[in-house]
Amino acid sequence: MRSKNDHIAFTWLLTDRSTDKIAAYMSLIMDAIKLSFSEKELHNLNYPFKTIPAMKIAKLAVDNNFSQKYRGIGTFLIDSAERVAWACNNAYCAARFLTVDADIEHDEGVLAFYEKNGFIPNAELYNKSRKTISMRRDIYQ
Ligand SMILES: CC(C)(COP(=O)(O)OP(=O)(O)OC[C@H]1O[C@@H](n2cnc3c(N)ncnc32)[C@H](O)[C@@H]1OP(=O)(O)O)[C@@H](O)C(=O)NCCC(=O)NCCS
């Protein structure tokens, strides 16, 4: 609630109707990423600037109990973020990519989770300490 009131992050909660418990949450923020020439080519973005607008998944977590009870909650939330980005694009503000800093410090499998969901690593923001991997998903390809 504090970060929502400070306009730092907007958090979506997914609650389980039968128990009223929070099954998962996701925070969305605005973002921009720098892409190399070849990365831009990959997305057919023929623009002279490097910085491309995006929407970032700043937080994403699924309660273990619910990920076992219902499969695919994490994927559902990513698809929901994409729908939010489409709605913004259609009416308010442009964002070409969904971005995320995949937190591999605690679980390297998170990288595979995002790859399965269509994210690829960003070359420019590659973090040498490898605690996080900056990734993007083109929401129009
Ligand atoms: C990562 C997380 C959000 C995934 O949510 P989820 O609901 O379990 O994911 P889904 O069921 O949608 O998984 C989709 C696919 O990714 C795979 N996957 C999910 N989490 C994975 C992991 N940690 N390691 C390897 N593969 C994983 C699933 O097996 C599934 O593969 P399949 O389609 O071949 O069966 C959840 O495990 C979580 O909250 N982790 C702790 C917090 C965290 O690390 N958040 C991300 C920080 S950037």
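Atoms considered below: every heavy atom in the structure, side chains included; atoms not considered: hydrogens, waters and symmetry mates. This structure is a prediction, so every number in the text was calculated from the model and none was measured. Remember, it's 1-based here, ligands and their atoms both numbered in the order they're listed.
- By the 3.5 Å distance cut-off applied to N or O atoms, G109 is counted among the residues near ligand 1.
- Within the listing of ligand 1, atoms 39 (O) sit less than 4.0 angstrom from a heavy atom of A61.
- Aromatic ring pairs are classed by plane angle as parallel below 30°, tilted from 30° to 60° and perpendicular above 60°; the pair F10 and W12 is tilted.
- Using a 4.5 Å cut-off between side-chain heavy atoms of Ile, Leu, Val, Met, Phe, Trp and Tyr, with links allowed through other members, I57 and Y140 fall into the same hydrophobic cluster.
- Look at D101 and K131 and you find no salt bridge, because none of the NZ, NE, NH1 or NH2 atoms lies under 4.0 Å from a carboxylate O.
- Contact annotation for atom 39 (O) of ligand 1: protein present (non-hydrogen atoms, distance under 4.0 Å).
- The nearest heavy-atom contact from the protein to atom 23 (N) of ligand 1 is D107 OD2, 2.7 Å.
- Looking at D103, I133, V62, it is D103 that brings a heavy atom closest to atom 47 (C) of ligand 1.
- Of the protein's heavy atoms, none falls inside 4.0 Å of atom 28 (C) of ligand 1.
- Residues T19 and D16 bring a donor and an acceptor atom of their side chains to less than 3.5 Å of each other.
- Remark: ligand 1 and S67 share no N or O pair separated by less than 3.5 Å (distance only, no angle test).
- At least one N/O-N/O distance between G72 and ligand 1 falls below 3.5 Å.
- Judged by the shortest distance from any of its heavy atoms, Y114 lies inside the 4.0 Å radius around the atoms of ligand 1.
- In summary, the side chains of D103 and T132 do not present any donor paired with an acceptor at a separation below 3.5 Å, with no hydrogens or angles considered.
- Using a 4.0 Å cutoff on heavy atoms, T132 does not count as a contact of ligand 1.
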